[in-house]
Amino acid sequence: MCRVEEVILTLLQGCNSMHRLRKIHSQAILLGIDHSSAVAGKLLSFCATSSAGNLSYALLLFSRLPNPSTAHWNSLIRGFSVSPSSSYSMSLYNSMVSCSSAARPDAATFSFLLKACSQNGATGKCREAHGSIFRFGFASNIIVCTNLTRAYADNGSVGDARKVFDEMPERDIVAWNSMIACYCRAEMHEEALKVYKQMRIVGFRIDDFTAVGLLSSCAHLGALELGVWVHRFAEENGILDRNVFVGNALVDMYVKCGSLEQACIVFNKMKKRDTFTWNSLLFGLGIHGHGKEAILFFRRMVIAGVQLNSVSFLGLLMGCSHQGLVDEGLEYFHAMSSKFALKPDAKHYGCMVDMMGRAGKLEKAVEFIRASSFVSDPVLWRALLSACKIHKNAEMAEVALGNLIEMSAHNAGDCSLLAGIYASNGNSDGVSKMRKMVKEQGMKTTPGWSCIEVKGEVRKFVVDDISHLDIEEIHKKLMEMINRAIAFGYPAETFKLILREKSPEMYKEWIEHGGSFHSEILAIAFGLARMPEGTILRIVKNMRVCMDCHMLTKHVSRAFDREIIVRDRVRFHHFKDGSCSCNDYW
DNA sequence: CTAGGGTTAG
């Protein structure tokens, strides 16, 4: 390498803007070394991959190279892989392998190509890349495989991702963590925990990345015991203090597992906090029903100079919504754009519709939707529909569903919401009309489930599922539960049939004839049977609690003198002494 | 120029 080349390279080392880069580039041209592989490489990588770079300039530079090297191609492929035109990475790769130049793809080429597949691909693109990786002999490269796993998972093919992972000749901690993260993103949290168990068996220890993935899965599954274990491990191994991600995941885990107190303790102990940390706790206050505290906490955020974002406002507005603080909510909704320069998006609007709707201001909610720029967003009409369910307002619900149908956005859940309203108003024609519609249009229903953690194991119940080995035990407890609840004032209508005939056979028959038990009732019965006296039952479910279950649970909490904490799709219910923290407002 | 893993909302 000649002296001038070294000088140019040194100049490029300190370059931080396109303006400077152009100057250096013209110097290089004057000196006749712009085609030197090293100089061209540095120029390219700056333009293609640095945040101050410029992809068109990178293309220009590249087009002037008579013999681009693998590294040159790689820079360009890498640059496009994270740009809005990530599909161009694939075109570049194709030109690279089809042109007669001496540059062959290396492992890095595939890593960048796969990043592009993650960004915008389809499973088909991943398979194409997979094929090339095989052809060029990189199928056992640990980094390439890790990227391939992620690319498949990001395109919704977690099964393919797992296959690649299983077939890897060896796996390091990054590969394991990546597989766990893939399952987290796919919301397959039980699988994520299983992978972790295997990872431990083969001798890997938890690091920061593992901890974040595990805590996220615990949060989603409500697996408090495992979460507490990860917490202790992270604390003892210093992972917690050095990494803000771990603290954030921990706060979120405690919030989602129903322990707001612990979430606050972790929050207060954290040495460094970012917007995620604050948002997680803000959100936690809201879903635990402390709307007023959420507002105070939000003010604290402003005073502390936290960089607010749109999620912050979503948390705040949801907090207001759960407690019926409509005036405050409206005030902050307006302040969001006028004082904080943040544009509310469809979710914020949806939250406002929910807020007004639940407070019974259905007309106002409709006006709000019609006046907004999101009239054609299904989220808003769906929020209205749910509010109609609470207030048993069939006419308004028909309007909401009508709009959803018009934009072809209706699903089975929407139809059964209206069916539920008809049912509670005694309109059986309406109910069958809705059922027919779901059937005829082949809409898929989401099965309801509830989880409960007993002795560190997460047990999942699905509606009407009687396939459990210990169903007799659950059934027995269920009968006792209902009888005692009735003794404490629970209206018995719903369970008349069972109460007349108290045999397990009748239980099965009840289900087979269309009578049903929501999954949370099964989970609560199981918890009562298995958890020691005095312990809190923690249930996590994927749907909202229904009025019936809510009332039954209130009575059960008194009849058995048990605290029961249920996390439904949007918030927490703390049942104690016959009442619920939501004050029946949800 | 020299590759891969993470958190909040819905």
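Chain A is the first sequence line, chain B the second, and so forth, proteins listed ahead of strands; every chain is numbered from 1.
In this structure, A:Met318 reaches the sugar-phosphate backbone alone: every heavy-atom distance under 4.0 Å involves primed, P, OP1 or OP2 atoms, never a base. Counting any heavy atom pair closer than 4.0 Å across all strands shown, A:Ala108 reaches a base atom. Among the protein residues, A:Ser45 comes within range of the sugar-phosphate backbone only, with heavy atoms under 4.0 Å from sugar or phosphate atoms but none that close to a base. Residue-level contact check: A:Asn243 touches the bases, meaning some heavy atom is under 4.0 Å from a base atom. Residue-level contact check: A:Asp208 touches the bases, meaning some heavy atom is under 4.0 Å from a base atom. Among the protein residues, A:Asp106 comes within range of no part of the nucleic acid, since none of its heavy atoms lies under 4.0 Å from any strand. Nucleic acid contact for A:Phe110: none, since no nucleic acid atom lies under 4.0 Å from a heavy atom of the residue. When heavy atoms are screened at a 4.0 angstrom cut-off, A:Ala107 is found touching base atoms of the nucleic acid.
Of the candidates B:dG6, B:dC1, B:dG4, B:dC1 carries the atom nearest the A:Ser37 side chain, counting heavy atoms from C-beta on. Proximity note for A:Phe245 (side chain, C-beta onward) versus B:dA9, B:dA3, B:dG6: the nearest is B:dG6. Set against B:dC1, B:dT8, B:dG6, the side chain of A:Arg185 has B:dG6 as its closest nucleotide. Proximity note for A:Phe276 (side chain, C-beta onward) versus B:dT8, B:dG4, B:dG6: the nearest is B:dT8. Of the listed nucleotides (B:dG6, B:dA3, B:dT8), B:dT8 has the atom at the smallest distance from the side chain of A:Asp252. Nearest nucleotide to the A:Ser280 side chain, out of B:dG6, B:dA3, B:dT8: B:dT8.
To the nearest angstrom, C1' of B:dT8 lies 18 Å from OH of A:Tyr254. Note: CG (A:Leu214) to C1' (B:dT7) measures 13 Å, nearest angstrom. Taking atom CE of A:Met199 as the reference point, atom P of B:dG6 lies 14 Å away to the nearest angstrom. Residue A:Met301 contributes atom CE, which lies 10 Å from atom C1' of B:dT8 at whole-angstrom precision. A straight line from CG of A:Leu43 to C1' of B:dC1 spans 11 Å, rounded to a whole angstrom. Atom C1' of nucleotide B:dG4 and atom CZ of A:Arg78 are separated by 12 Å, given to the nearest angstrom. Nucleotide B:dT2 holds its C1' atom 15 Å from the CG atom of A:Leu9, rounded to whole Å. In this structure, CD1 of A:Ile287 is placed 8 Å from P of B:dA9, rounded to the nearest angstrom.
The closest side-chain donor-acceptor pair between A:Thr146 and A:Ser178, if any, does not fall under 3.5 angstrom. A donor-acceptor contact closer than 3.5 angstrom links the side chains of A:Arg205 and A:Asn237.
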Go through the steps to decide whether A:Phe112 and A:Phe80 satisfy the test ring-ring contact (aromatic ring centres under 6.0 Å, His included), and finish with yes or no.
CA-CA 9 Å; A:Phe112 300 137; A:Phe80 278 99; over 10 Å; no
Residue pair A:Tyr349, A:Phe368: steps toward the ring-ring contact (aromatic ring centres under 6.0 Å, His included) verdict:
CA-CA 9 Å; A:Tyr349 278 84; A:Phe368 182 84; 5.5 Å; yes
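Between A:His130 and A:Tyr152, the ring planes lie perpendicular to each other; the angle is over 60°, past the 30° to 60° tilted range. A:His25 and A:Tyr57 have perpendicular rings, their planes meeting at more than 60° on a 0 to 90° scale where under 30° would count as parallel.
Judged by a 6.0 Å distance limit and a 45° cone about the ring axis, A:Arg104 is not positioned over the six-membered ring of A:Phe136.
For the OP1/OP2 pair of B:dG10 and a distance below 4.0 Å, the side-chain nitrogens and oxygens of A:Arg569 include no atom meeting the criterion. Between A:Lys115 and the phosphate of B:dG4, there is a side-chain N or O to OP1/OP2 separation shorter than 4.0 Å. A close approach under 4.0 Å does not occur between any side-chain nitrogen or oxygen of A:Lys347 and OP1 or OP2 of B:dG10. Dashed line: the shortest gap from a side-chain N or O of A:Arg382 to OP1 or OP2 of B:dG10 is not under 4.0 Å. Side-chain nitrogen and oxygen atoms of A:Arg150 include at least one within less than 4.0 Å of the OP1 or OP2 phosphate oxygen of B:dG6. Considering only side-chain N and O atoms, A:Lys256 lies under 4.0 angstrom from the phosphate OP1 or OP2 of B:dA9.
Interface remark: the A:Asn248 side chain does not form any donor-acceptor pair with the B:dG6 base, using a distance-only criterion of under 3.5 Å.
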